[in-house]
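Okay, structure first, notes after.
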Amino acid sequence: MKHNTKETEDQADELRRIFVELENSVEPMEPNEREDTENHHKGDEMDLLNLPPRKEVHDQNSKRPKLKMSRSLFRLTIVVIFLFCILAGVYFIWQDEIMLFFTS
């Protein structure tokens with residue numbers, strides 16, 4: 001347990017040393033520079049009181065129509081497509097025999 005405590009103390013000491021070095025290395029800004037940085041940050045801020053309602057923002061993104069199908073309708077659609085593929089394959093393979101059957 002003492003080992004963990006010593007590591008955390010070492011980390012804290014190192015962070016304090018880095019913080020002190022940063023404080024000492026930073027030069028004070030002149031008043032004109034402070035105003036420039038403040039004006040720059042004011043332009044980046046958003047006016048939170050004049051935002052559009054959430055519903056309007058999110059309704060604009062969903063322009064694509066959505067098709068809702070029940071599970072039974074989905075299965076029926078799959079079966080119809082499967083049967084159509086089988087009939088197309090049968091017609092492609094036995095095309096001549098089918099034509100003779102219906103013409104005679």
Side-chain angles (χ1 to χ4, degrees):
M1 295 274 261
K2 285 189 175 187
H3 184 63
N4 290 340
T5 319
K6 185 175 181 180
E7 284 182 10
T8 56
E9 288 176 6
D10 290 341
Q11 286 179 345
D13 289 337
E14 185 178 344
L15 289 174
R16 282 188 201 105
R17 182 182 53 80
I18 292 171
F19 185 72
V20 168
E21 287 177 8
L22 286 173
E23 280 185 339
N24 293 336
S25 67
V26 174
E27 297 176 9
M29 296 177 106
E30 293 182 16
N32 293 339
E33 292 177 5
R34 286 184 192 159
E35 290 175 6
D36 290 341
T37 57
E38 288 174 3
N39 290 338
H40 178 68
H41 290 298
K42 285 182 183 177
D44 293 342
E45 293 178 8
M46 292 180 67
D47 187 13
L48 296 177
L49 298 176
N50 292 328
L51 291 175
R54 182 179 290 200
K55 185 177 181 181
E56 287 180 15
V57 173
H58 292 289
D59 280 346
Q60 292 174 357
N61 293 338
S62 61
K63 293 180 181 178
R64 191 176 76 183
K66 296 180 181 179
L67 178 66
K68 292 185 179 182
M69 296 177 68
S70 66
R71 184 169 282 201
S72 59
L73 182 61
F74 181 72
R75 277 189 266 157
L76 177 66
T77 306
I78 296 297
V79 168
V80 168
I81 291 172
F82 185 69
L83 287 175
F84 180 75
C85 291
I86 289 175
L87 289 174
V90 166
Y91 180 75
F92 183 72
I93 292 172
W94 294 313
Q95 179 177 357
D96 296 332
E97 289 84 7
I98 293 173
M99 291 302 242
L100 286 175
F101 178 75
F102 283 116
T103 56
S104 60

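The first residue of the sequence shown is numbered 1, and numbering continues consecutively from there. Any value given below was found using the heavy atoms of this structure, including those in side chains, with hydrogens, waters and symmetry copies removed. Fair warning: this is a prediction, and the values are worked out from it, not measured in the lab.
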Identify each donor-acceptor pair in which a side-chain atom of residues 84-102 lies under 3.5 Å from a protein atom, sequence neighbours left out, and give them as a table.
none

Q.
Can you list everything that forms a side-chain hydrogen bond (donor to acceptor under 3.5 Å, both in side chains) with R17? Sequence neighbours excluded, please.
A. E21
**Q.** R54: salt bridge (Lys or Arg N to Asp or Glu O under 4.0 Å) partners, not counting sequence neighbours
**A.** none
(Q) Working to the nearest 0.5 angstrom, can you tell me the gap between K68 NZ and L73 CG? (A)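 If I round to the nearest 0.5 Å, the distance is 14.0 Å.
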